[in-house]
Student: 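Quick one: this structure, given as structure tokens, is what I'll be asking you about.
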Amino acid sequence: MPTKFENKVYEICRKIPKGKVSTYKLISEKLGIRAYRAVGNALNKNPYTHKKVPCHRIVNSNGLIGGFAAGVNNKKRILEKEGIEVKNNKIVNFDKKLFKFK
DNA sequence: GCTTTGACTCTCG
DNA sequence: TCGAGAGCCAAAG
């Protein structure tokens with residue numbers, strides 16, 4: 001059973017629409033803290049898969065893929081499958097694909 | 001309860 | 001433009 005903090009992270013991730021991406025920073029800001037790393041930590045050991053939580057839509061603030069528990073390569077494939085172009089571990093048209101929580 | 005560890009981000013030279 | 005260092009926070013050991 002994940003912690004409260006982790007559940008919040010997952011909940012926010014679920015709000016990201018298909019074809020969009022978001023960043024660790026935005027999520028942490030949504031939580032009201034600067035726990036970028038803690039967010040990544042939570043997603044790393046998340047009990048859900050990308051089918052439950054679109055954790056693959058979370059990238060670094062500069063558009064880099066960052067990492068993925070199942071492998072960055074896998075992450076790239078999923079993103080491309082959703083219509084997001086990835087070049088050299090980086091999101092193409094990042095500012096256009098970026099989804100901002102409001 | 002202190003220390004270590006990360007799917008991170010920012011600042012500075 | 002790029003790399004190193006510091007700062008950040010929650011979990012796990």
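The sequence lines fix the lettering, A, B, ..., with proteins before strands; numbering per chain opens at 1.
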Student: Whole angstroms only, please: what is the CZ-C1' distance between A/Phe94 and B/dT9?
Tutor: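 So the two atoms are 12 Å apart, to the nearest Å.
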Student: Under 4.0 Å between a side-chain N or O of A/Lys25 and OP1 or OP2 of B/dC10?
Tutor: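 Yes, A/Lys25 has a side-chain N/O under 4.0 Å of OP1/OP2 on B/dC10.
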Student: Could you give the CG-to-P distance, from A/Leu43 to C/dA11, as a whole number of Å?
Tutor: 13 Å
Student: At less than 4.0 Å, is any side-chain N or O atom of A/Asn60 found next to OP1 or OP2 of B/dC8? Yes or no.
Tutor: yes
Student: About how many Å separate CD1 of A/Ile65 and CG of A/Leu79, when rounded to the nearest 0.5 Å?
Tutor: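 Here the interatomic distance stands at 5.0 Å.
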Student: What is the separation between atom CG on A/Leu26 and atom C1' on B/dT9, rounded to the nearest whole Å?
Tutor: 12 Å
Student: C/dA10, B/dT9, C/dC8: which one has an atom nearest the side-chain heavy atoms of A/Asn41?
Tutor: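 Output: C/dA10.
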Student: Would you mind classifying the nucleic acid contact of A/Ala35 as base, sugar-phosphate or nothing, using non-hydrogen atoms under 4.0 angstrom?
Tutor: sugar-phosphate
Student: Tell me whether the count of non-hydrogen atoms from other residues, nucleotides or ligands lying under 6.0 Å of NZ in A/Lys20 goes above 12.
Tutor: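 Yes, the 6.0 Å shell around NZ holds more than 12 heavy atoms from other groups.
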Student: Verify the neighbour count for atom CG of A/Asn88: are there more than 12 heavy atoms of other residues, nucleotides or ligands below 6.0 Å?
Tutor: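 Open.
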Student: Find the distance A/Glu6:CD to B/dG6:C1' and express it as a whole number of Å.
Tutor: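 The distance from CD of A/Glu6 to C1' of B/dG6 comes to 13 Å, rounded to the nearest Å.
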Student: Round to a whole Å and report the spacing from OH of A/Tyr36 to P of C/dC8.
Tutor: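 Rounded to the whole Å, the gap is 9 Å.
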Student: Name the nucleic acid region contacted by A/Ser28, choosing base, sugar-phosphate or nothing; use a 4.0 angstrom heavy-atom cut-off, strictly under.
Tutor: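 No contact.
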Student: Round to the nearest Å and state the distance from A/Asn62 atom CG to C/dT1 atom C1'.
Tutor: 14 Å
Student: For the side chain of A/Cys55, counting heavy atoms from C-beta on, which of C/dA11, B/dT9, B/dA7 is nearest?
Tutor: B/dA7
Student: If I take atom OH in residue A/Tyr24 and atom P in nucleotide B/dA7, what distance separates them, rounded to the nearest angstrom?
Tutor: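 In whole Å, B/dA7 P and A/Tyr24 OH are 9 Å from each other.
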Student: Would you find more than 12 non-hydrogen atoms of other residues, nucleotides or ligands less than 6.0 Å from A/Glu85 atom CD?
Tutor: no
Student: Base, sugar-phosphate or nothing for A/Phe5? Non-hydrogen atoms, less than 4.0 Å.
Tutor: sugar-phosphate
Student: Tell me if the side-chain of A/Arg37 makes a donor-acceptor pair with the base of B/dC8, cut-off 3.5 Å, by modelled atom types.
Tutor: yes
Student: Could you state the atom-to-atom distance from CG of A/Asn44 to P of C/dA12 in whole Å?
Tutor: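 So the CG-P distance, A/Asn44 to C/dA12, works out to 11 Å.
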Student: Does A/Ser61 place a side-chain N or O at less than 4.0 Å from the phosphate oxygens OP1/OP2 of B/dC8?
Tutor: no
Student: Is there a side-chain contact between A/Phe99 and A/Leu26, using heavy atoms and a 4.5 Å cut-off?
Tutor: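 Not in contact.
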